[in-house]
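Any value given below was found using the heavy atoms of this structure, including those in side chains, with hydrogens, waters and symmetry copies removed. This chain uses plain numbering: 1 for the first residue, then up along the sequence. No experiment lies behind these values; they were computed from the predicted model shown.
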Amino acid sequence: MTFSIAAHCRESGQFGVAVSSSSIAVGARCPWALAGAGAVSSQNITLPALGPEILAALQQGTPVAEALDAALARDDYREYRQVTVIGNNGQTAAFSGSKTLGTHHAVRGRDCVAAGNMLAGKEVIAAMITAFENARGPLAGRLMTAMEAALEQGGEAGPVHSAALKVVGSHSWPIVDLRVDWAEDAPIDQLATLWRAYQPQAQDYLTRAVDPRQAPGYGVPGDE
């Protein structure tokens with residue numbers, strides 16, 4: 001019921017995840033990212049705790065594959081999980097349990113890893129990797145390009161209703177955290193529209209947080 005891509009930008013140091021699902025509010029459960037450590041997508045029959053647990057291990061310097069294996073070893077229901085992980089230097093790992101739903105697939109690429117379940121076909125995930133590797137620009141935009149490529153290959157076997165985009169940089173909070181929690185149709189298109197609206201303002205919000213003296217005007221009465 002879900003497909004996602006987790007990725008790292010070596011130039012900026014950013015980590016991010018883009019994900020969509022037939023379920024409501026996928027962004028509340030599946031994408032996880034920690035500045036300087038990595039990104040995780042925990043999906044299929046989701047255990048949200050896997051994301052923070054794996055990221056904490058990556059922050060301590062645990063290799064990606066070991067961090068994933070250790071977290072799964074503590075989960076009695078791991079065969080229901082599908083998890084992807086990316087860490088520093090583009091190291092990746094992926095797991096799809098034996099009870100992962102429908103047609104499922106996971107592919108590791110250059111500085112990215114993608115996976116999905118209940119897919120229209122395995123070519124959906126391969127298309128995400130190719131699109132991400134060939135895209136240029138900010139990490140968030142490249143992640144959205146990968147999601148749009150998945151749609152072009154058929155996406156999920158059924159309708160998609162939610163989507164999310166999360167990116168962390170050098171700060172403790174996400175620099176991009178956009179969600180479409182429910183849409184009857186085309187949540188990925190709606191998420192892309194949100195990203196295009198947010199992209200020109202993203203740096204302004206960082207400036208406001210780090211040094212309000214340099215912040216651009218808020219455009220509200222009294223702050224012209």
Side-chain angles (χ1 to χ4, degrees), residues 1-7 15-33 38-55 68 71-72 75 77-86 92-109 112-129 131-132 140 143-167 177-192 194-195:
M1 298 183 290
T2 307
F3 57 86
S4 68
I5 180 166
F15 290 98
V17 181
V19 59
S20 71
S21 178
S22 58
S23 300
I24 193 171
V26 67
R29 299 181 302 276
C30 295
W32 303 91
V40 176
S41 184
S42 172
Q43 54 198 50
N44 192 52
I45 300 181
T46 307
L47 175 60
L50 290 172
E53 185 175 345
I54 292 168
L55 290 173
L68 175 59
L72 290 170
D75 178 12
Y77 302 103
R78 54 188 168 273
E79 293 306 325
Y80 290 89
R81 318 301 186 195
Q82 187 177 51
V83 186
T84 58
V85 187
I86 188 162
T92 59
F95 174 81
S96 295
S98 61
K99 296 185 183 296
T100 300
L101 296 169
T103 298
H104 56 86
H105 200 35
V107 180
R108 303 184 201 181
C112 61
V113 56
N117 54 81
M118 294 292 287
L119 297 168
K122 291 185 175 181
E123 63 276 5
V124 171
I125 302 305
M128 296 178 78
I129 295 293
F132 179 84
L143 290 168
M144 288 308 309
T145 296
M147 297 296 284
E148 291 165 341
L151 277 183
E152 291 175 3
Q153 290 297 321
E156 286 191 33
V160 174
H161 291 301
S162 67
L165 175 66
K166 180 172 289 187
V167 175
D177 195 357
L178 304 175
R179 288 167 43 175
V180 176
D181 282 342
W182 182 262
E184 290 294 338
D185 186 52
I188 293 174
D189 292 344
Q190 293 186 36
L191 185 64
L194 282 175
W195 162 241

Check: T103 and M118 side chains under 4.5 Å, non-hydrogen atoms = no
note = Tightest non-hydrogen contact, residues F3 and A150, listed as CE1-CB, 3.5 Å
Interatomic distance, S4 atom OG to M128 atom CE [nearest 0.5 angstrom] = 6.5 Å
query = Does a side-chain heavy-atom distance below 4.5 Å link P187 with W182?
reply = no
key: Residue pairs, two or more places apart or on separate chains, that pass side chain to side chain donor-acceptor pair (under 3.5 Å) and touch residues 116-128   = Q82-N117
request  = Go through the steps to decide whether V40 and T84 satisfy the test side-chain contact (heavy atoms from CB on, under 4.5 Å), and finish with yes or no.
outcome  = CA-CA 6 Å; V40 176; T84 58; 6.0 Å; no
note = For V19 and S41 the tightest heavy-atom approach is CG2-OG, 4.5 Å
ask   = How far apart are the closest heavy atoms of A127 and Q153, and which atoms are they?
value = CB-CG, 3.4 Å
ask   = Is there side-chain contact between I54 and V83, with heavy atoms separated by less than 4.5 Å?
value = yes
Trace of the side-chain contact (heavy atoms from CB on, under 4.5 Å) decision for Y77 with L47 = CA-CA 9 Å; Y77 302 103; L47 175 60; over 6 Å; no
ask   = Are any of the side-chain heavy atoms of V17 and W32 separated by less than 4.5 Å?
value = no
Euclidean distance, S96 OG relative to E79 CD, rounded to 0.5 Å = 10.0 Å
ask   = Quick one: CG on L194 to CG on D189, what's the gap to the nearest 0.5 Å?
value = 11.5 Å
inquiry  = For S20 versus E156, what's the shortest heavy-atom pair and its separation?
reply    = O-OE2, 3.8 Å
request  = Heavy atoms only: give me the nearest V85-V113 pair and the separation to one decimal.
outcome  = O-CG1, 3.7 Å
inquiry  = Rounded to the nearest 0.5 Å, what separates atom CG in L101 from atom OH in Y80?
reply    = 10.0 Å
note = Rounded to the nearest 0.5 Å, the CD1 atom of I125 sits from the CZ atom of R108 at a distance of 14.5 Å
task = Kindly compute the distance separating CZ (R29) from CG (L50), expressed to the nearest 0.5 Å.
result = 14.0 Å
Side chains of residues 158-166: which donor-acceptor partners sit under 3.5 Å, not counting sequence neighbours?
| unit_1 | atom_1 | unit_2 | atom_2 | d |
| --- | --- | --- | --- | --- |
| H161 | ND1 | A183 | O | 2.9 |
| S162 | OG | S23 | O | 2.6 |
| S162 | OG | V26 | N | 3.2 |

ask   = Do you know which two heavy atoms are closest between L143 and A7, and how far apart they sit?
value = CD2-CB, 3.8 Å
request  = Output yes when a side-chain donor or acceptor of R81 lies under 3.5 Å from a complementary backbone atom of I45, and no otherwise.
outcome  = yes
task = Output, in order, the C-alpha distance, side-chain angles, deciding distance and verdict of side-chain contact (heavy atoms from CB on, under 4.5 Å) for F95 and L68.
result = CA-CA 8 Å; F95 174 81; L68 175 59; 4.1 Å; yes
key: Derivation of the side-chain contact (heavy atoms from CB on, under 4.5 Å) call for N44 and H104   = CA-CA 10 Å; N44 192 52; H104 56 86; over 6 Å; no
